[in-house]
Trainee: 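First, the structure itself, so that you have it in front of you.
For the single chain, residues carry numbers from 1 onward in sequence order. All ligand and atom numbering here is 1-based and tracks the order in the structure.
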Amino acid sequence: MYLENLELHDFRNYKQLAVTFSQGVNVLLGENAQGKTNLLEAIYVLALTRSHRTANDKELIRWQASTATLKGRLHKATGSLPLELELGKKGKRAKVNHLEQAKLSQYVGNLNVIVFAPEDLAIVKGAPSLRRRFMDMEFGQMSPKYLYNLSQYRAILKQRNQYLRQLNHHEAKDKVYLGVLSDQLAAFGAEIIAKRLELLKQLEHWAQVIHAEITQNQEQLSFHYVTQIADDQLTSVDHIYQTLQTMYAQQQAKEIFQGTTLLGPHRDDLQFSVNGKNVQTFGSQGQQRTTALSVKLAEIDLMKAETGEYPVLLLDDVLSELDAARQTHLLTAIQNKVQTFLTTPSLDGVARKLINEPKVFEVNHGILHEEEPH
Ligand SMILES: Nc1ncnc2c1ncn2[C@@H]1O[C@H](COP(=O)(O)OP(=O)(O)OP(=O)(O)O)[C@@H](O)[C@H]1O
């Protein structure tokens, strides 16, 4: 799939923008704070209805304005699909093919994007929450059911934590109600864990191939899903569900004492190993970067396998963070395959030589100017 065009109205520092893109590589060139990342963010928001940089939608609306509008025409194998999103002070409205969607989860998944920013290089060594977020954002785009289970899980988790606090403060007594919440949490949690395991297995397969290529077969990458549930209980949704239920019952006193839910997918993690050694603790910075790059590139293939189409790739100032060999690998892997948006302060070196007929836009204070093709 690719994004044919984009129209913005009062989004970040874009008062008004209408632009047509290339199916190949689109380069956004400009000095600091001109709006390069804002444009990538707009594409991300158009895809997922939320930003990868902020949880506060109000930040996305141009200062002094009250509503931001994003419109884009998506090209898919099945035809063209207009998408529209309106962000107001009170909430958002999303339209697919000019029809308003009652639920945002029905909207998400039409446009698939993968974003790769310098902070993604931290996916290997950063906090577990980064890796959970990574799984949730990627898998949520591939599976509407995953997204649904996740939002249900989060809502129940919030309720359950509140109730555990009330029990802790002796403001509530009813353990039967806690049991009901535990049961619901276990049901949605089991679905989430099972889907993560299924998709991680496939992602691992693609990442292994890429990693072996980059390291010229010197290194073998593997994934391990870290959870308190024993490996032999991870065989089916039902098994996971029953195990979670039992564990919630066993840990009840501890959870009430701490006033929070200590077990479930919101506490799980993902571990990467190279040649059997944990890259997070034992890997060099180079190995950590190669791992992050392999995982990101693998997402492209996984998304194609799951949805039937290649996603749109957003590369936010990532070239400067990679050495020439890794840059070459990244650029050759995506050429003529994936529509790419790439921000950079300057286009030279490996990138200028390697990218085939890029469409280059200079970004200046929220205004785009297309460079003449070379
Ligand atoms: N809601 C908003 N309304 C108006 N302007 C905004 C809003 N949010 C951010 N900006 C402006 O957008 C600019 C930042 O743009 P952006 O983050 O895209 O930078 P960039 O071009 O990617 O630069 P860098 O290379 O430094 O990341 C800043 O000038 C900031 O003041």
Side-chain angles (χ1 to χ4, degrees), residues 3 5-22 25-72 84-94 111 113-123 126 130 133 137 289 292 296 312-322 327 330-331 339-352 355 358-371:
L3 192 60
N5 59 22
L6 182 70
E7 275 181 46
L8 298 179
H9 192 81
D10 288 334
F11 181 89
R12 292 274 196 193
N13 65 337
Y14 290 92
K15 191 170 188 318
Q16 192 88 45
L17 174 84
V19 59
T20 307
F21 297 124
S22 148
V25 180
N26 296 276
V27 178
L28 305 165
L29 211 59
E31 315 240 314
N32 284 346
Q34 298 303 310
K36 304 185 297 291
T37 305
N38 291 348
L39 194 68
L40 289 195
E41 186 183 35
I43 299 172
Y44 190 94
V45 174
L46 186 69
L48 285 139
T49 76
R50 49 184 277 196
S51 165
H52 61 297
R53 296 204 285 179
T54 172
N56 182 0
D57 289 337
K58 286 195 197 91
E59 284 177 31
L60 305 174
I61 304 169
R62 197 172 65 87
W63 302 324
Q64 288 110 24
S66 57
T67 312
T69 321
L70 303 90
K71 287 187 199 175
E84 189 177 335
L85 188 69
E86 200 180 277
L87 309 170
K89 294 249 150 58
K90 287 204 201 99
K92 8 191 168 185
R93 288 170 55 185
L111 167 57
V113 295
I114 289 177
V115 62
F116 192 9
E119 51 273 25
D120 287 302
L121 292 166
I123 184 184
L130 282 178
R133 195 181 127 91
M137 295 309 270
R289 276 170 186 235
K296 277 284 156 186
V312 170
L313 183 64
L314 310 175
L315 299 178
D316 193 6
D317 215 357
V318 81
L319 289 182
S320 53
E321 299 287 325
L322 299 172
Q327 274 189 36
L330 171 65
L331 295 171
Q339 185 188 32
T340 302
F341 294 86
L342 183 156
T343 72
T344 178
S346 69
L347 189 63
D348 43 30
V350 179
R352 184 60 100 174
I355 304 174
K359 194 161 181 174
V360 181
F361 299 95
E362 276 164 40
V363 186
N364 201 334
H365 292 292
I367 294 172
L368 251 60
H369 176 76
E370 194 182 331
E371 206 181 73

Trainee: Ignoring hydrogens and angles, state whether a donor on the side chain of Thr343 or Asp317 is under 3.5 Å from an acceptor on the partner side chain.
Mentor: no
Trainee: Of the backbone atoms (N, CA, C, O) and the side-chain heavy atoms from C-beta on, which set of Arg53 has a member under 4.0 Å from an atom of ligand 1: side chain, backbone, both, or neither?
Mentor: side chain
Trainee: If you have a sec, work out which protein heavy atom is nearest atom 30 (C) of ligand 1 and how many Å separate them, to one decimal?
Mentor: Trp63 CH2, 4.0 Å
Trainee: Could you work out, for atom 9 (C) of ligand 1, the closest of Lys36, Glu41, Gln34, Arg12 by heavy-atom distance?
Mentor: Arg12
Trainee: Tell me whether Glu86 contacts the main-chain N or O of Arg93 through its side chain, where contact means a donor paired with an acceptor under 3.5 Å.
Mentor: no
Trainee: For ligand 1, which atoms sit closer than 4.0 Å to a heavy atom of Arg62?
Mentor: 1 (N), 3 (N), 4 (C)
Trainee: Ignoring hydrogens and angles, tell me if any N or O in the side chain of Asn13 forms a donor-acceptor pair with the backbone of Gln34 under 3.5 Å.
Mentor: yes
Trainee: Can you find an N or O of Asn38 that's nearer than 3.5 Å to an N or O of ligand 1?
Mentor: yes
Trainee: Could you give the distance from CD (Gln16) to CG (Asp10), rounded to the nearest 0.5 Å?
Mentor: 7.5 Å
Trainee: Would you check if the side chain of Lys15 reaches a backbone N or O of Gly366 as a donor-acceptor pair within less than 3.5 Å?
Mentor: no
Trainee: Give the residue and atom name of whichever protein heavy atom lies nearest to atom 27 (O) of ligand 1, and the separation in Å to one decimal.
Mentor: Thr37 OG1, 3.6 Å
Trainee: Measure the shortest side-chain to side-chain distance between Asn38 and Val363 over non-hydrogen atoms and say whether it is less than 4.5 angstrom.
Mentor: no
Trainee: Starting from atom 11 (C) of ligand 1, which protein heavy atom do you reach first, and at what distance in Å?
Mentor: Asn13 CB, 4.0 Å
Trainee: Please list, in number order, the atoms of ligand 1 under 4.0 Å from a heavy atom of Gly35.
Mentor: 15 (O), 16 (P), 18 (O), 19 (O), 20 (P), 21 (O)
Trainee: For atom 13 (C) of ligand 1, which of Ala42, Gly366, Ala33 has the closest heavy atom?
Mentor: Ala33
Trainee: Taking atom CG of Leu121 and atom NZ of Lys296, what is their separation to the nearest 0.5 Å?
Mentor: 9.5 Å
Trainee: Mind checking whether Ile61 contacts ligand 1 via backbone (N, CA, C, O), side chain (CB onward), both or neither, at a 4.0 Å heavy-atom cut-off?
Mentor: backbone
